[in-house]
Amino acid sequence: MVSETPMTLTTGDTDTSPSHEAPAAALELSVVVPTFNERDCVAPLVSALRAALAGRSFEIIFVDDDSPDGTADAVREIARTDPTVRCLQRLGRRGLSGACVEGAMAASAPVIAVIDGDMQHDETLLPTMLERLTQGELDVVVGSRYLGGGGVGEWSERRARASRLATVLAQRLTGVRLTDPMSGFFMARADLVRQLAPALSPTGFKILLDLLTSADRPPRVEEVPYTFRTRAAGESKLDARVMLEFVELLLDKTLGRLLPTKFVMFAMVGSLGVGVHFATLGLVFGFTQAGFATAQATATLVALTSNFVLNNVFTHHDRRLTGWRWLTGWVTFALASSVGAVANVGVATYLFETGQAIWQISALAGILMSVVWNYVVTSFYTWGRR
């Protein structure tokens, strides 16, 4: 007979209760850094942010527009040993505003800061900005170059004048009452940014102005002064395309609620085309032996080509045609404009001959018909914009 001895479990010093590790501090701030060709700035910026935000719980989200210099790889190298650093690499997309929006949507903290990757913004202000945002009833805190105590650093006089002009235009056309509505250095509540994200433009570089003018009610904003630094490395994002995107943003925030912004730009180009047409007609008919019909045909061709070139550079700058696509684009633009001209004459004649409108109104209706036709058709076929 085998006796059964009760088994006893000796625990000694072994603790079998579930482990309860102290929870990590809740994230206070997500720093979004849009980058393009700024590999050499990545490590210094991370070190500077660590020093500035010591004692705070934060994350750094680099949003890189597929920089050919390997900026994204430099971020990943640091992220392997630093979990506070993350990398979002965008493919097939460019633009500082879009990068900021995507970074904000990926952020986990209740507050988001946007700071350039070239170290021209003063990261030491971040704790002050965070304190003011969290302790006061504010939605946005802006780093201002034009508030007392701030400055533009070593900018050339030409760039300083251009910046002041853009600031005045933004203030007067949008009604934003800030000393620096064009600032790219700011902090905002994450829920506000995510709420407004669908209304924000993915192109351009003035995300702050877009954010402030997209809200149903004016956000509660405060500014703090800072001095713009000299670029340490990388390349400037300020080019002709950026300026065009700024013009488009201003049009969108002033006329966009009434008419599509691209249509307004298309109509502006068409207005210039009228001047080109008459100038060419006057030159050819007045200073050559050509007859009126020849001069008119020449003026029409020159104005049509002028309109195509300006629309390609201005209206549809984000889908600009080059090479053979430029030539085929001109052909489709010319065909659409020809049909638009026929529609112009047809509508105007019909309204006038049936007595539904006086000749001025009939002519205006014909012009409007052709402009709408040309815009819709060329947007679809010439520039492939659905």
Side-chain angles (χ1 to χ4, degrees), residues 24-36 38-65 67 71-72 74-90 95-135 138-144 183-194 196-197 200 205-208 211 222-224 226 228-229 231-234 237:
L27 277 177
E28 298 176 80
L29 178 67
S30 295
V31 183
V32 176
V33 187
T35 58
F36 184 74
E38 283 154 344
R39 179 187 181 93
D40 294 338
C41 291
V42 172
L45 179 59
V46 170
S47 297
L49 289 172
R50 285 174 183 158
L53 295 169
R56 301 280 190 174
S57 180
F58 64 93
E59 63 178 354
I60 309 171
I61 305 173
F62 285 87
V63 187
D64 184 63
D65 284 354
S67 300
T71 299
V75 175
R76 293 189 187 97
E77 184 65 29
I78 296 175
R80 288 191 184 98
T81 56
D82 186 347
T84 65
V85 177
R86 297 161 56 192
C87 176
L88 296 180
Q89 185 174 0
R90 305 200 307 165
L96 188 144
S97 292
C100 291
V101 172
E102 292 190 34
M105 298 304 287
S108 302
V111 177
I112 295 168
V114 173
I115 187 170
D116 278 357
D118 51 22
M119 302 193 71
Q120 292 183 290
H121 294 156
D122 187 357
E123 73 288 338
T124 63
L125 280 179
L126 289 174
T128 299
M129 296 168 73
L130 181 60
E131 184 175 351
R132 293 193 181 185
L133 188 68
T134 54
Q135 293 186 1
L138 297 174
D139 299 308
V140 183
V141 176
V142 178
S144 172
S183 177
F185 179 35
F186 64 93
M187 189 177 290
R189 291 190 359 253
D191 58 344
L192 174 67
V193 178
R194 284 193 283 267
L196 298 176
L200 301 179
F205 75 121
K206 292 309 175 188
I207 179 65
L208 174 64
L211 182 71
E222 184 176 303
E223 295 181 282
V224 294
Y226 84 101
F228 203 72
R229 297 170 178 164
R231 179 182 301 278
K237 302 177 183 67

Donor-acceptor contact below 3.5 Å, side chain Ser183 vs main chain Ser144: no
Would a 4.5 Å heavy-atom cut-off, applied to side chains only, mark Pro110 and Asp191 as touching? no
Aromatic plane relationship, Tyr226 with Phe185 - under 30° parallel, 30 to 60° tilted, over 60° perpendicular: perpendicular
Using modelled atom types only, decide if a donor and an acceptor are shared between the side chain of Thr71 and the backbone of Glu38 within a distance under 3.5 Å. yes
Side chains of Arg56 and Leu130: does their closest heavy-atom pair fall under 4.5 Å? yes
4.5 Å side-chain heavy-atom contact, Val63 and Arg90: yes
Side-chain donor or acceptor of Glu59 paired with backbone N/O of Ser30 under 3.5 Å: no
Quick check: do His121 and Val114 have side-chain heavy atoms less than 4.5 Å from each other? no
Taking all non-hydrogen atoms of both residues into account, name the closest pair between Arg194 and Ala104 and its distance. NH1-O, 3.7 Å
Can you check whether Asp118's main-chain N or O pairs, donor with acceptor, with Asp116's side chain at less than 3.5 Å? no
With a 4.5 Å cut-off on side-chain heavy atoms, are Val140 and Leu208 touching? yes
Nearest heavy-atom pair of Ala190 and Ala109: which atoms, and what distance? CB-O, 3.4 Å
Test side chain to side chain contact (heavy atoms under 4.5 Å, CB included) on Arg50 and Asp82 and set out the steps. CA-CA 11 Å; Arg50 285 174 183 158; Asp82 186 347; 2.5 Å; yes
So how far is it from Leu125 CG to Met187 CE, rounded to the nearest 0.5 Å? 9.0 Å
Got a second to check how far Met129's CE is from Glu223's CD, nearest 0.5 Å? 10.0 Å
Nearest heavy-atom contact between Val193 and Ala188 is CG2-CB, 3.9 Å
Residue from Val85, Thr84, Val75, Val31 passing side chain to side chain contact (heavy atoms under 4.5 Å, CB included) with Val46: Val85
Residue pair Gly55 / Glu28: nearest heavy atoms and the distance that separates them: O-OE2, 4.4 Å
Got a second to check how far Ile60's CD1 is from Leu53's CG, nearest 0.5 Å? 7.5 Å
Nearest 0.5 angstrom please: Asp64 CG to Leu88 CG, how far? 10.0 Å
Roughly how far apart are Glu123 CD and Leu49 CG, rounded to 0.5 Å? 6.0 Å
Considering all heavy atoms, the nearest Gly117-Leu45 contact: CA-CD2, 3.9 Å
Minimum side-chain heavy-atom gap Leu126-Phe58 below 4.5 Å: no
Where is the tightest heavy-atom contact between Pro44 and Met119, given as atom of each residue plus distance? CB-SD, 3.6 Å
Please round to the nearest 0.5 Å and tell me the distance separating atom CZ of Arg39 and atom OG of Ser67. 10.5 Å
